[in-house]
Participant: 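My questions will all concern the structure given below.
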Amino acid sequence: MIVLLPLVLSWLSAPVLLLLDGRRPAVAWSAFAILVLVAAIDIALLWAMVWEGREPFTTVAGGWATGSGIRLHVDRVSLFFGAVCAYVLAAVTAHEARGNVRSGSFPALILFVSAGLHGAFFTGDLFNFYVFFEVSVVTSFALAAYGYGREEVRGAFIYIVANLLGSSLFLVGIAVVYHTAGVLDLSILAQRQRETAGIHPLGAALLFAALSLKLGLFPLHGWVPVLYSHAQPAVAAVMSGALINVGAYGLLRIGLDAAEGARAEAGTLLLALGAAAIVYGALLASRRKTPAEIIAYASIAQAGYLVLAFGAGGREGAAAALLVVLSGSIEKAAMFLSQESRGAARSLSALVGALGVAGLPFTVGLLAKIELFRAAVLAPSGPSLVGVILLGTCFLFVATLHFWDRVRRMPAPAAANMPAALVLAATTVALAVLAAPLNRMIFNLSADLVAE
Amino acid sequence: MTLLVSIVFGVLVGTGIHLMVRRDALRLVGGTVLLTNATILFLMAAAFDGNAVPLLPIADGAVPADPLVQALALTAIVISFGTTVLLLRVALAVERTHGTLDMEDLVRAEVADEPDRDEDAGAAP
């Protein structure tokens, strides 16, 4: 039961903090403490499962028989995603906590995001996944308008409408899956996939469209630049570092197992979509002038990397996708938070974050890029995919230098923030130093996604 | 029954999308409401069986309607209600800060609020 602690802890503490005034530093710091605890539990359990052979945790809520109740399933991949998200959320909370929380509900909303994300990662049921990601997404609607300035509310409006469309698509996809398969339990669907047929191709296509909208994949990326350039940097860091991962998780968890048949059939299309997103995102990132827009288009290119790895499939593709998630979350959050930092910390974290997103040395982004090459070479038309990735890296390198230059010339913020951006930048460098054990762990994790 | 549901679904989606491409942001919200309702109807239709009877009280040998889709639809209704309320709240905030809900005026405000994107356009070669 201790396995469910990250979910329960965020879920129970969020309403309590909602009753308190989040502008008081003590409230923000207690949210930070809870998130650090959540991340620590995630990491400790992940450690135990990867290196000490602890078994994945499965239970059916309410004591129902297997197959009729909602199943909760926590394995290495769930904990990996939970740890990444909790870590980024903790960094953002620390960044905001030092006296400049602008809305009383901010700390509670961050905890609700953590609860929704952990719920989505810890469930073994398709509809329950939908419910929990709606919890996190609805919270993000409120966060998007954080500050309530002209720009924020305009960005939030577009973001909400786009996400409502995505949710409708996902719901229709669930209806198709239920109508054709009669169950929504992901492990039963995966079992059927191995024996007869998995998720119906139409259902798989609808779920894919909905998840790629949440992920901000070209050509469904319209809301990404609008939201990132209008929202407060801290909120944009939450969106790009934590919330976007729910799309990635859904894609990998459903796509590589229960819908593997449909995924393999659409492999070429997925590779083409990924390649198009990489070229489009990277090219526009190199041409944009404001830092937030540069990150937005770099994020679209990252979604392309993820879908490329997903389209390549297999253990290699899954490992590459997990590394893209790890590097993208930490580095994009570092980029956003660097805009509100001061002095040398700002310059350094902006540079390291941007280098990481471009997949250049000294960061875990490079490891992700190497794994991506390995997955791409094994895929059909491998050489041209490698060419696309290299082209994207060139454009993103230009974007990196633009971004670094722009951030250094931005006016310094009035209040000093906690050096959260610097901590995130240091994390990606530290993970890059630990490349060998990290790679082994990620490859170990990919066994949870891809059935042998 | 299937035909009727299909027609209603089609009309709801069509009307919803028609409203979503109008200039008025409030109509856009109305369009999303219709669209989510169409989705919920589709979810209900996933387990349609013309001859099914209610789950309780059940007669011997009768086939009850699938209660799961009803539970799913109920959950979806609650979620869509919550998101709609939030969307309306944000629309209210847009109205208060901009004094308009006309999408074209909002686009104009977007251009007006633009940071100096081309600050060094002249310096570029």
Participant: If you apply the rule side-chain hydrogen bond (donor to acceptor under 3.5 Å, both in side chains), what do you find for Thr123(A) with Asp125(A), and how did you get there?
Facilitator: CA-CA 6 Å; Thr123(A) 185; Asp125(A) 181 276; 5.4 Å; no
Participant: Tell me, for Phe127(A) versus chain B, whether the close heavy atoms (under 4.5 Å) come from the side chain, the backbone, both or neither.
Facilitator: side chain
Participant: Using a cut-off of under 4.5 Å for heavy-atom pairs, which of Ile79(B), Thr32(B), Thr36(B), Val69(B) has the most such pairs with chain A?
Facilitator: Ile79(B)
Participant: Using non-hydrogen atoms and a 4.5 Å limit, figure out which bit of Ala25(B) sits close to chain A: side chain, backbone, both or neither.
Facilitator: both
Participant: Are the side chains of Phe141(A) and Leu87(B) in contact, using a 4.5 Å heavy-atom criterion?
Facilitator: no
Participant: Given a strict heavy-atom distance threshold of 4.5 Å, which part of Met20(B) is in contact with chain A: side chain, backbone, both, or neither?
Facilitator: side chain
Participant: Count the heavy atoms belonging to other residues, nucleotides or ligands that lie under 6.0 Å from NE2 of His179(A), then report whether that count exceeds 12.
Facilitator: no
Participant: Which atoms of Leu171(A) come close to chain B, meaning under 4.5 Å heavy atom to heavy atom: side chain ones, backbone ones, both, or neither?
Facilitator: both
Participant: Highest number of heavy-atom pairs under 4.5 Å with chain A: which of Leu86(B), Ile40(B), Thr84(B)?
Facilitator: Leu86(B)
Participant: Heavy-atom cut-off 4.5 Å, strictly under: side chain, backbone, both or neither for Leu169(A) against chain B?
Facilitator: neither
Participant: Can you tell me if His402(A) and Arg288(A) form a side-chain donor-acceptor pair at under 3.5 Å?
Facilitator: no
Participant: Taking every non-hydrogen pair under 4.5 Å, which of Leu35(B), Thr75(B), Val78(B), Leu72(B) racks up the most with chain A?
Facilitator: Leu72(B)
